[in-house]
Participant: 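My questions will all concern the structure given below.
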Amino acid sequence: MSLKTVALCCASSLLLMACATTPAPAGDWLSFATLEPGLPTNRALACDPDICLAADASRPTATYDVSAKAVAAALLKLEPSADFRTEANGDIRARYVDTTAILRFRDDVDVLIRPVTDTSAKVAIYSRSRVGLSDLGKNGARIEALEKDLVTEFAG
């Protein structure tokens, strides 16, 4: 078997594994407070130190001048497959799987919507690839796009 054939088989297997993974994030809900510092190159995090106590965020949280429930409703409109739950402290959590356009890789996205006042909320987002050592900036771009899409939802 040639090296080229072996490489093609490995690449095909990796692609099939990525596409065949479970559609929804598995296991317990992510704890933003316990994320570790030093994010790998296939992840991105928008979070403030009061939410992510130890992790190094790639960008701060976005704050919106609407209630946390309004942010959750807009997120549900943008990501209908998202699972939601409300924490005892009033935080609203969401998680969903986003699929890349060309290679169909599945990436996990967790969102924490924290009420600041009755009419404002901040949003922490953690996006990470299930496979690969680098995401080529996709997770950071996903966070930026979600933040812009939320602004558009509130404007319209």
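Everything numeric here is computed off the predicted structure, so don't read it as measured data.
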Participant: When hydrophobic residues are tied together by side-chain contacts of less than 4.5 Å, even through go-betweens, does V151 share a cluster with F154?
Facilitator: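 The answer is yes; both residues are in one hydrophobic cluster.
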Participant: Once rounded to the nearest 0.5 Å, what's the spacing between atom NZ of K69 and atom CG of D118?
Facilitator: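 K69 atom NZ to D118 atom CG measures 10.0 Å (nearest 0.5 Å).
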Participant: Salt-bridge test for D91 and R114: reply yes if a basic N is under 4.0 Å from a carboxylate O, no otherwise.
Facilitator: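 Yes.
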Participant: So K122 and D50, do their side chains get closer than 4.5 Å, heavy atoms only?
Facilitator: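 Of all side-chain heavy-atom pairs linking K122 with D50, at least one is under 4.5 Å.
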Participant: Quick check for you: to the nearest 0.5 Å, what is the distance between D56 atom CG and L35 atom CG?
Facilitator: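 One finds 10.5 Å between CG of D56 and CG of L35.
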Participant: Taking all non-hydrogen atoms of both residues, which atom of E153 and which atom of A74 are closest, and how far apart?
Facilitator: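 In terms of heavy atoms, the two residues are closest at CB-CB, 4.0 Å.
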Participant: For the pair S58 (side chain) and L45 (backbone), establish whether a donor and an acceptor sit closer than 3.5 Å, ignoring hydrogens and angles.
Facilitator: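 Checking the backbone N and O of L45 against the side chain of S58, a donor-acceptor pair under 3.5 Å is found.
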Participant: Which pair of non-hydrogen atoms, one from G140 and one from A44, has the smallest distance, and what is that distance?
Facilitator: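 The answer is N-CB, 3.4 Å.
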Participant: Quick one: pull up CG in L75 and OH in Y96 and give me the separation to the nearest 0.5 Å.
Facilitator: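 Here the rounded value is 6.0 Å.
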Participant: Show the nearest heavy-atom pair for residues A46 and P60, with the distance to one decimal.
Facilitator: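 Closest approach of A46 to P60, heavy atoms only: CB-O, 3.7 Å.
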Participant: Is any side-chain heavy atom of L30 closer than 4.5 Å to one of L112?
Facilitator: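 No, too far: nothing below the 4.5 Å cut-off.
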Participant: Rounded to the nearest 0.5 Å, how far does CG of D48 lie from OG1 of T63?
Facilitator: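 T63 OG1 to D48 CG: 7.0 Å, rounded to 0.5 Å.
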Participant: Which distance, rounded to the nearest 0.5 Å, do you find between the CG of N139 and the CG of D98?
Facilitator: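 That separation rounds to 9.0 Å.
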Participant: Do V116 and V71 land in one hydrophobic cluster if side-chain heavy atoms of ILVMFWY residues count as linked below 4.5 Å?
Facilitator: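 They do not share one cluster, since no chain of ILVMFWY contacts under 4.5 Å joins V116 to V71.
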Participant: Donor-acceptor check, side chain of R93 to backbone of D110, threshold 3.5 angstrom: yes or no?
Facilitator: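 No, because the side chain of R93 does not come within donor-acceptor range (under 3.5 Å) of the backbone of D110.
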Participant: Could you grab the distance from atom CZ of F32 to atom CD1 of I125, nearest 0.5 Å is fine?
Facilitator: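 One finds 8.0 Å between CZ of F32 and CD1 of I125.
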Participant: Honestly curious: do W29 and F84 fall in one hydrophobic cluster under the side-chain, below-4.5 Å linking rule?
Facilitator: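 No, it is not one cluster - the side chains of W29 and F84 are not joined through contacts under 4.5 Å.
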Participant: Name all pairs fulfilling the disulfide bond (SG atoms under 2.5 Å apart) condition that reach into residues 51-101, sequence neighbours left out, sorted by first residue then second.
Facilitator: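 Listed by first then second residue: C47-C52.
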Participant: Hey, does E147 have a side-chain heavy atom less than 4.5 Å from the side chain of Y64?
Facilitator: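 They are in contact (side-chain heavy atoms under 4.5 Å apart), so the answer is yes.
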Participant: Which atoms form the tightest heavy-atom contact between A121 and S67, and what is the distance?
Facilitator: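 Here A121 and S67 meet closest at CB-C, 4.2 Å.
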Participant: Would Y126 end up clustered with L53 when hydrophobic side chains under 4.5 Å apart are linked, directly or stepwise?
Facilitator: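 No, no single cluster joins them.
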Participant: Could you check whether any side-chain heavy atom of I92 comes within less than 4.5 Å of a side-chain heavy atom of T86, counting everything from C-beta outward?
Facilitator: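 SC-SC contact between I92 and T86 confirmed.
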Participant: In the single-linkage hydrophobic clustering (I, L, V, M, F, W, Y; side-chain heavy atoms under 4.5 Å), do L136 and V131 co-cluster?
Facilitator: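 No; V131 is not reachable from L136 via cluster members.
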Participant: Is the count of non-hydrogen atoms from other residues, nucleotides or ligands lying under 6.0 Å from N89 atom CG greater than 12?
Facilitator: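 Counting neighbours around CG of N89, more than 12 heavy atoms of other residues, nucleotides or ligands fall under 6.0 Å, so yes.
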Participant: So that I can tick it off, tell me whether R130 and D108 are bridged by a salt bridge, with the cut-off set at under 4.0 angstrom between side-chain N and carboxylate O.
Facilitator: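 Yes, D108 and R130 are salt-bridged.
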Participant: Considering only NZ, NE, NH1 and NH2 on the basic side and carboxylate oxygens on the acidic side, decide whether K138 and D107 come within less than 4.0 Å.
Facilitator: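 Salt bridge absent between K138 and D107.
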